[in-house]
Amino acid sequence: QVQLVETGGGLVQAGGSLRLSCAASGRAFSSYSMGWFRQAPGKEREFVSAISWTGGRTSYADSVKGRFTISRDNAKNTVYLQMNNLESEDTALYYCAADRYRSRLYEADNYGYWGQGTQVTVSS
């Protein structure tokens, strides 16, 4: 069983930065693939970024490539999402997800554990 808690959301102006954190409970964190997803009002949940259990492989949605960076610290049971040059289109509720699945980490259905989300609002 894994419990996830996201923090770091907030209100920021366009062009600004935020760093989201996702703290995981349990001793098996290093064996989990981790992902970030987001959902804006009236829209479906979408993939943002993912990182393999070793941290050696990362992936990003085209809309955030070059602006967002995912990383993990297995010693702290935490995954991060550094978001730079934020745009109004990035406004959404951001969710952290975890699972032992090893492929297709861009698919939300492959994750069995989810956090409660943290709100990111970008003002233009």
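These numbers come from a predicted model, not from an experiment.
- For Y95 and F37, the ring centers are positioned 6.0 Å apart or more.
- Checking side-chain atoms of S88 against main-chain N and O of S124 turns up no donor-acceptor pair under 3.5 Å.
- What you find for Y101 and L105 is that their closest heavy atoms are O-CD2, 3.6 Å.
- Contact annotation: the side chain of Y80 never approaches that of T69 to less than 4.5 Å [non-hydrogen atoms, C-beta and beyond].
- Scanning all heavy atoms of the two residues, the minimum distance from M34 to C22 falls at CE-SG, 4.2 Å.
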As a quick check of understanding, evaluate side-chain contact (heavy atoms from CB on, under 4.5 Å) for V48 and L81, giving each step before the final call.
CA-CA 10 Å; V48 176; L81 185 68; 4.1 Å; yes
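- The closest side-chain heavy-atom distance from E6 to L20 is not below 4.5 Å.
- No donor-acceptor contact under 3.5 angstrom links the side chains of D99 and S33, judged on distance only.
- Using modelled atom types and a 3.5 Å distance limit, the side chains of S52 and R102 yield no donor-acceptor pair.
- In this structure, S49 contributes its side chain and S59 its backbone to a donor-acceptor pair below 3.5 Å.
- There is no side-chain donor-acceptor pair under 3.5 Å between E87 and N85.
- Two residues are said to be in side-chain contact when any heavy atoms from C-beta on lie closer than 4.5 Å; S17 and Q82 meet this criterion.
- Counting all heavy atoms, side chain and backbone alike, S21 lies closest to T78 at CB-CG2, 4.2 Å.
- Scanning both residues, G117 and L93, for their nearest heavy atoms gives C-CD1, 3.8 Å.
- The side-chain heavy atoms of V79 and I70, taken from C-beta on, include a pair separated by under 4.5 Å.
- Salt bridge annotation for R38-D90: present, with a cationic side-chain nitrogen under 4.0 angstrom from a carboxylate oxygen.
- The heavy-atom pair separating Q116 from L4 by the smallest distance is OE1-O, 3.6 Å.
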Show your working on side-chain contact (heavy atoms from CB on, under 4.5 Å) between W114 and R45 and close with a plain yes or no.
CA-CA 13 Å; W114 292 82; R45 182 174 51 187; 3.6 Å; yes
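- When all heavy atoms of R100 and S31 are compared, the closest pair comes out as NE-OG, 3.2 Å.
- Within the 4.5 Å cutoff, the side chain of Q119 has heavy atoms near those of the T91 side chain.
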One pair to check against side-chain contact (heavy atoms from CB on, under 4.5 Å): F29 and V2. What are the steps and the verdict?
CA-CA 8 Å; F29 175 77; V2 176; 5.9 Å; no
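- Using bins of under 30°, 30° to 60° and over 60° for the plane-to-plane angle, the ring pair F68/Y94 lands in the tilted bin.
- The side-chain heavy atoms of L18 and V120, taken from C-beta on, include a pair separated by under 4.5 Å.
- The neighbour count for W53 CH2, taken as heavy atoms of other residues, nucleotides or ligands under 6.0 Å away, does not exceed 12.
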